[in-house]
Amino acid sequence: MTMLSGRVLITGASSGIGQALALEYLKSGWQVVACGRDRARLDALLDAHPRFACQLSTLMFNICDRLACLESASSLAGELDLIILNAGSCEYIDNPKAFDGKLFARVIETNLISVGYCLEAFLPALAAGGRLALMGSSAALLPLPRAEAYGASKAALAYLANTLRLHLAPADIGVSLIEPGFVRTPLTDKNDFPMPGRIEVEDAARRIVDALAREKDRIQFPRRLLWPMRLLALLPGAVWGLIARSNVSRQSA
């Protein structure tokens, strides 16, 4: 049954897609628990939207700190109708022969291990009939140069979402995997390569909110980027490898 309003917890809500999602849900009358690790940015979110003061609460913690996640959950009174585990980061492996193991571990911890901590902490508060959403990425559809760490973390999240969907179904909890293309955020502003089909963060948030309201298990957008990627994913690995390597060679020239 489609839920018109309720209570949603969003991680990474102090900027980017998370912040845009928080505002969309507030406008729709939801109670929003906005989570982040920067108190000043969380306070700024409250200060910037005083009309939502009675709907908006904040939790400050580091998602990579298991005990901090558990302590924050203990202060959360009442049930949740929706959990969106959105927080994450992106760093690239520029030289695979000088593989940066610390960078790899940092990205995996932020994008994957932290999700386990948040599930342990907050999933018990999710009411029957509720929904869990994990923020994946279209990068998981194809192996992409430089994305060894980021892509691996998002591919693992896709598997996690698919298995949780099966396991949580008897508890009447739905699971959605969100796999956006390029969205204009502070994170993508750092990219030094072309980003075809990049959309504004407000547009992305509206698409996600609408798809979650329709209880979509897999949320992918925009189509003009995702359809070509799906088609390329059907190619034999050797063919896609030639295409990807030629693109790397052009960018390096």
Side-chain angles (χ1 to χ4, degrees), residues 1-13 16-35 63 79-88 110-141 150-151 153-183 185 199 201-223 225-227 229-230 233:
M1 183 174 64
T2 300
M3 194 174 299
L4 298 178
S5 64
R7 190 180 187 212
V8 56
L9 179 141
I10 305 170
T11 64
I17 294 176
Q19 184 180 84
L21 283 170
L23 293 176
E24 280 297 312
Y25 278 109
L26 288 168
K27 292 174 186 175
S28 299
W30 283 63
Q31 297 289 323
V32 174
V33 182
C35 305
I63 58 171
E79 291 187 323
L80 297 166
D81 301 294
L82 175 61
I83 296 174
I84 304 177
L85 300 183
N86 158 79
T110 303
N111 290 355
L112 180 62
I113 303 302
S114 71
V115 171
Y117 296 156
C118 289
L119 290 172
E120 179 183 2
F122 298 110
L123 199 53
L126 189 58
R131 181 159 288 267
L132 167 70
L134 304 184
M135 185 61 69
S137 170
S138 61
L141 299 177
Y150 181 74
S153 70
K154 296 302 184 178
L157 275 182
Y159 189 92
L160 176 62
N162 291 334
T163 53
L164 282 171
R165 187 176 301 116
L166 298 174
H167 211 176
L168 289 172
D172 192 22
I173 290 174
V175 178
S176 295
L177 175 65
I178 307 166
E179 296 178 295
F182 295 112
V183 178
T185 67
I199 65 174
V201 70
E202 295 81 8
D203 183 13
R206 286 191 292 269
R207 292 175 189 237
I208 293 168
V209 170
D210 176 68
L212 289 175
R214 291 185 287 116
E215 301 180 337
K216 299 283 287 184
D217 287 342
R218 196 171 186 185
I219 302 168
Q220 297 178 311
F221 61 87
R223 291 182 179 179
L225 172 66
L226 270 297
W227 278 110
M229 291 188 71
R230 287 174 182 166

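Residue numbers run from 1 in the order of the sequence given. Note that the structure is a prediction, hence the values are computed from the model and not measured.
- Rounding to the nearest 0.5 angstrom, the gap separating the CG atom in Leu119 from the CD1 atom in Ile83 is 7.5 Å.
- Atoms CG and CD1, on Leu126 and Ile173 in that order, are 4.5 Å from each other to the nearest 0.5 Å.
- Counting only heavy atoms from C-beta outward, the side chains of Ile113 and Tyr117 approach each other to under 4.5 Å.
- Closest heavy-atom contact between Ala34 and Ala13: CB-CB, 3.7 Å.
- With sequence neighbours excluded, the residues satisfying side chain to side chain contact (heavy atoms under 4.5 Å, CB included) with Ala156 are Leu112.
- When the side chain to side chain contact (heavy atoms under 4.5 Å, CB included) test is applied to Ala205, the partners found at least two apart in sequence or on another chain are Ala20, Leu21, Glu24.
- Contact record, Pro170 with Leu166: CD-O, 3.6 Å, taken as the closest heavy-atom pair.
- Annotation: side chain of Leu85 is not in contact with side chain of Leu157 (no heavy-atom distance under 4.5 Å).
- With respect to Asp210 and Arg206, no salt bridge is recorded, no charged nitrogen being found less than 4.0 Å from a carboxylate O.
- In this structure a side-chain-to-backbone donor-acceptor pair under 3.5 Å is missing from Ser176 to Leu212.
- Taking CG from Leu160 and CZ from Arg165, the interatomic distance works out to 10.5 Å, rounded to the nearest 0.5 Å.
- Within the 4.5 Å cutoff, the side chain of Ile208 has heavy atoms near those of the Met135 side chain.
- Side chains of Leu80 and Arg131 form no contact here, defined as non-hydrogen atoms less than 4.5 Å apart.
- For the pair Asp203 and Phe221, the minimum side-chain heavy-atom distance is 4.5 Å or more.
- With rounding to the nearest 0.5 Å, the separation of CD1 in Ile17 from CD in Glu202 is 11.0 Å.
- With contacts defined as side-chain heavy-atom distances shorter than 4.5 Å, the pair Val209/Tyr25 qualifies.
- Of all non-hydrogen atoms in Gly6 and Asp81, the two that sit nearest each other are CA-OD2, 3.3 Å.
- Using a 4.0 Å cut-off between a side-chain N of Lys or Arg and a carboxylate O of Asp or Glu, Arg7 and Glu79 do not qualify as a salt bridge.
- Here CD1 of Ile178 is found 7.5 Å from CG of Asn86. Values are rounded to the nearest 0.5 Å.
- Going from atom NZ of Lys154 over to atom CG of Asn111 covers 4.5 Å, rounded to the nearest 0.5 Å.
- In terms of heavy-atom proximity, Leu177 sits nearest to Ala161 at CB-CB, 4.0 Å.
- The two residues Ser138 and Gly181 have their closest heavy-atom pair at OG-CA, 3.5 Å.
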